[in-house]
Each structure stands twice: as C-alpha cells, then as structure tokens.
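Just so it is clear, the values below take in all heavy atoms, side chains as well, and ignore hydrogens, waters and symmetry mates. Because the structure is a prediction, the values reported are computed rather than measured.
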Amino acid sequence: MKTILCATDYSDNSISALKLANVFRKKLDAELHVIHVFDISATFISTVSLAYARLEEAAFNSHREKLDAFCWKYLEMMEGDKGPVIHVVENSIESDGILVKAEEISAELIFVGMTGSNIVKDLFIGSTATALIEKSPVPVLSVPQNSRLSGPNTIVYATAFEEADVLAIEKISEFASVFDTEIKLIHVSTKNEYAAEDQMLWFKELLKEKVAYKNISFEFRLSDDIFNTLKDYLKEVDADILAMLEREGHTLIPNLWHFDLVKRMKLERLVPLLSYQKNSIGIT
C-alpha cells in the first residue's frame, strides 16, 4: 500500500481519522494525501458581490491555508518534517470530490471521520462517510472520534463464508502483516441456518489455499440477534477495527438481515469500520 487519502472537514471527528491515517503512513511507508472538499456557494454566500473568479481564488487560498495549518497542528509536525500532500477541491457533493481525487492519485485506502460537521446535512442526505461506503471503489476506513490511535492489534472480519470474503481478507492481510495484526473471522448464524458449520469448514480450506497470512482465527456464534452478538464480540476481543463487505441488496449476509448492517455498525461508532465494496476487491 503506497498511497493513502484522508478526507477532512476540519471537525473534531476528522482529527482521529487524520492521526490514524498518519500511523498507517509511517508503518506502511506510504504517501499520505489529505483532502478538503468545499462548496463555494456555501462558503461565500455572504460575499456575493465579488466576481466569481475572485470568490473562487479566495476560497481556494483560504482553504489551502486552513488545511495546511490543520495538518501541522494535529500531526504535530516540526520544522523540516515532510508533510502530507494537501488537496483543496470544490464540489457541492463532498463524497464525489473525494472519489475523483482518490482515482486521480490511485489511492488504495480512504480515511474519513464517522460523522460530519453539518448535522442537518447528515440527517437528510446522509454523511460523507456513508456516501463513501456506498460508492467508493476504494476501501474506506471510517474512524470514530475517540478511537485508539495506534496500529491495529486485532481486526474482526464479519464473514458470510463466500468467495468474495476471501478476496477481502487477502486485501486486509496485505497491511495486517506489516502490523502483525490478528484477523479474527466471525460468522453469526441464526438457529435455522443448519449448514453454517459445514460452510465454515469449506471456507477454512478455501482461505488456507488462497491467503498466505497465517495469523487468522475463526469464531462461530449461534444467535437470532446477529447485530448485538457482533457488538458483544467486538468488546470481548477488544477489536481495533471491524471489517465488513458491502453486498448486493445492502445486506451483509443474504437472507439474514433486512437492514444495512454496515451502516448500522457505523452509527454505533464502536470501533473504526473498514468497508469494502465488491468492485474494490476485483469483483464486478
């Protein structure tokens, strides 16, 4: 992993995302890019008398200075330190601006705070983190405000025992191996899912064949309350990151949930949430 992109809106929620992105940058020897996306009509609504060109120039200059100061402050940079590459982008849809830049720089991981600074916007059209989870072809790590800012010791991956999971776990192992992270795979099965244990045996063999990383363990739980069982397991193993694969129909495991578990876990803000779309692991 050579290129990391961190999006910030200058809010407290994005400070933890920036600091954790920097931890990954150092450990992976990657290049860190930091982006702020602004809407010029919202930023300069009180100065409509200025010509648009002057508005645009003033907005970009203002945000570049603010973003540079933000990075220096919260990355605790000293004179002579190599700072991140900063990008200021104008786009009325923040997630779109982030994704365009991610493609431009070939980002391999996007960091974002779990909630934005605009509560009304979050309520009515969804937060930037949620939009990125839905649309990003790049894995997204959504970081709660009070996250531990150290390399992950334990990553929990919620698996449906599908081949797509193997590809996601292979991607995770690429950076987990650098941190010497334990990947804990958990499948929570309802009592009516009789074949789940047989599926787990098949999945173990497939994983052994496809993934070289060995620091992986398996957990199988029977429960009709999948959401709370998963929450309890995260606390039980003191997870640093929860990783999940967005699936068709916006459910994690087909036929088990009638809600979007990825977004529900995001709302809980228990631990950083690493989300993969199928197209981010090479499945169309």
Peer 1: Is Ser177 reaching over with its side chain to a backbone N or O of Ser173, donor-acceptor style, under 3.5 angstrom?
Peer 2: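 Confirmed, Ser177 side chain pairs with Ser173 backbone.
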Peer 1: So which atom in Tyr213 and which in Ala176 form the shortest heavy-atom distance, rounded to 0.1 Å?
Peer 2: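 Heavy atoms only, the tightest pair is OH-O, 3.4 Å.
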Peer 1: So, the side chain of His36 versus the backbone of Leu67: is there a donor-acceptor pair under 3.5 Å, distance only?
Peer 2: no
Peer 1: Looking at Gly113 and Ala129, what are the two nearest heavy atoms and their distance?
Peer 2: O-CB, 3.6 Å
Peer 1: For the pair Ser16 (side chain) and Gln145 (backbone), establish whether a donor and an acceptor sit closer than 3.5 Å, ignoring hydrogens and angles.
Peer 2: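 Yes, the answer is positive, given that a donor and an acceptor are paired below the 3.5 Å cut-off.
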Peer 1: Would you name the heavy atoms of Gly97 and Ile35 that are closest together and state the gap between them?
Peer 2: O-CD1, 3.9 Å
Peer 1: Measuring only between side-chain heavy atoms, which start at C-beta, is Ser150 closer than 4.5 Å to Phe179?
Peer 2: no
Peer 1: Hey, does the Lys NZ or Arg CZ of Lys204 hover above the aromatic six-ring of Phe218, less than 6.0 Å from the centre and inside 45° of the axis?
Peer 2: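 Pair Lys204/Phe218 counts as cation-pi.
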Peer 1: Checking Leu206 now: which residues fulfil side chain to side chain contact (heavy atoms under 4.5 Å, CB included) with it, not counting sequence neighbours?
Peer 2: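 With neighbours one apart ignored, the set is Glu163, Val166, Trp202, Lys210.
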Peer 1: Start with the C-alpha distance between Val112 and Leu141, add both sets of side-chain angles, then the distance that settles side chain to side chain contact (heavy atoms under 4.5 Å, CB included), and finish with yes or no.
Peer 2: CA-CA 6 Å; Val112 66; Leu141 186 55; over 6 Å; no
Peer 1: Does some side-chain heavy atom of Asp39 sit less than 4.5 Å from a side-chain heavy atom of Asn91?
Peer 2: no
Peer 1: Can you name the one residue among Ile155, Ile216, Leu167 that meets side chain to side chain contact (heavy atoms under 4.5 Å, CB included) with Ile172?
Peer 2: Ile155
Peer 1: Under the 3.5 angstrom rule, does the side chain of Glu219 hit a backbone N or O of His187 as a donor-acceptor pair?
Peer 2: no
Peer 1: Mind checking whether Val100 and Ile133 sit in one hydrophobic cluster, side chains of I, L, V, M, F, W, Y counted as touching below 4.5 Å?
Peer 2: no
Peer 1: Working to the nearest 0.5 angstrom, can you tell me the gap between Ile4 CD1 and His33 NE2?
Peer 2: 9.5 Å
Peer 1: Does Asp240 use its side chain to pair, donor to acceptor, with the backbone of Asn153 at less than 3.5 Å?
Peer 2: yes
Peer 1: State, yes or no, whether a side-chain contact exists between Pro144 and Val271 at a heavy-atom distance under 4.5 Å.
Peer 2: no
Peer 1: Is there a donor-acceptor contact under 3.5 Å from the side chain of Asp165 to the main chain of Phe161?
Peer 2: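 Checking the backbone N and O of Phe161 against the side chain of Asp165, a donor-acceptor pair under 3.5 Å is found.
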Peer 1: With the side chain counted from C-beta on, respond yes when Glu94 and Val89 share a heavy-atom pair under 4.5 Å apart, and no when they do not.
Peer 2: no
Peer 1: Do Met244 and Leu242 come within less than 4.5 Å of each other through their side chains, counting heavy atoms only?
Peer 2: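 Side-chain contact under 4.5 Å: yes.
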Peer 1: Dump the intermediate steps for side chain to side chain contact (heavy atoms under 4.5 Å, CB included) on Tyr10 and His63, then the final yes or no.
Peer 2: CA-CA 10 Å; Tyr10 309 131; His63 282 294; 3.2 Å; yes
Peer 1: Tell me if the NZ atom of Lys214 is crowded by more than 12 foreign heavy atoms within 6.0 Å.
Peer 2: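 It does: Lys214 NZ has more than 12 such atoms within range.
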Peer 1: So, the side chain of Glu108 versus the backbone of Lys2: is there a donor-acceptor pair under 3.5 Å, distance only?
Peer 2: yes
Peer 1: Kindly indicate, with the supporting measurements, whether the criterion side chain to side chain contact (heavy atoms under 4.5 Å, CB included) is fulfilled by Leu28 and Phe175.
Peer 2: CA-CA 7 Å; Leu28 300 173; Phe175 68 82; 4.0 Å; yes
Peer 1: Counting only heavy atoms not in Glu174, do more than 12 sit closer than 6.0 Å to its CD atom?
Peer 2: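 Check passes, neighbour count above 12.
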Peer 1: Would you please test Asn215 and Thr181 for side chain to side chain contact (heavy atoms under 4.5 Å, CB included) and show each step?
Peer 2: CA-CA 7 Å; Asn215 196 2; Thr181 300; 6.0 Å; no
Peer 1: Tell me the closest heavy-atom pair linking Ala59 and Phe38, and the distance in Å.
Peer 2: CB-CE1, 3.5 Å
Peer 1: Should Leu245 and Phe220 be regarded as members of a common hydrophobic cluster, given that ILVMFWY residues are connected when their side-chain heavy atoms come within less than 4.5 Å of each other, either directly or indirectly?
Peer 2: yes
Peer 1: Between the side chains of Thr154 and Lys184, is a donor N or O closer than 3.5 angstrom to an acceptor N or O?
Peer 2: no
Peer 1: Can any side-chain N or O of Ser62 pair as donor or acceptor with the backbone N or O of Ala58 at less than 3.5 Å?
Peer 2: no
Peer 1: Test of understanding: clusters of I, L, V, M, F, W, Y form through side-chain heavy atoms closer than 4.5 Å, transitively. Do Val178 and Ile183 belong to the same one?
Peer 2: yes
Peer 1: So which of Ser136, Pro139, Ser275 actually passes side chain to side chain contact (heavy atoms under 4.5 Å, CB included) with Ile110?
Peer 2: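 So the option named by the test is Ser136.
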Peer 1: Salt bridge (Lys or Arg N to Asp or Glu O under 4.0 Å), that's the test. Do Asp232 and Arg221 meet it? Break it down for me.
Peer 2: CA-CA 11 Å; Asp232 290 343; Arg221 298 283 171 97; over 6 Å; no
Peer 1: Please name the pair of heavy atoms, one in Ser223 and one in Val188, separated by the smallest distance, quoted to 0.1 Å.
Peer 2: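 Shortest heavy-atom separation between Ser223 and Val188 comes out as CB-CG1, 4.1 Å.
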Peer 1: Do the side chains of Phe70 and Lys66 get nearer than 4.5 Å, heavy atoms only?
Peer 2: no
Peer 1: Identify the two heavy atoms, one from Ser14 and one from Thr8, that lie closest to each other, and give their separation to 0.1 Å.
Peer 2: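 Ser14 and Thr8 have their closest heavy atoms at OG-OG1, 2.8 Å.
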Peer 1: Got Leu185 and Ile169 here, is their nearest side-chain heavy-atom distance under 4.5 Å?
Peer 2: yes
Peer 1: Does the side chain of Ser142 reach to within under 4.5 Å of the side chain of Leu132, using non-hydrogen atoms?
Peer 2: no
Peer 1: Please identify each residue that fulfils side chain to side chain contact (heavy atoms under 4.5 Å, CB included) with Asp238, with sequence neighbours left out.
Peer 2: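 Side chain to side chain contact (heavy atoms under 4.5 Å, CB included) check on Asp238 returns Arg148.
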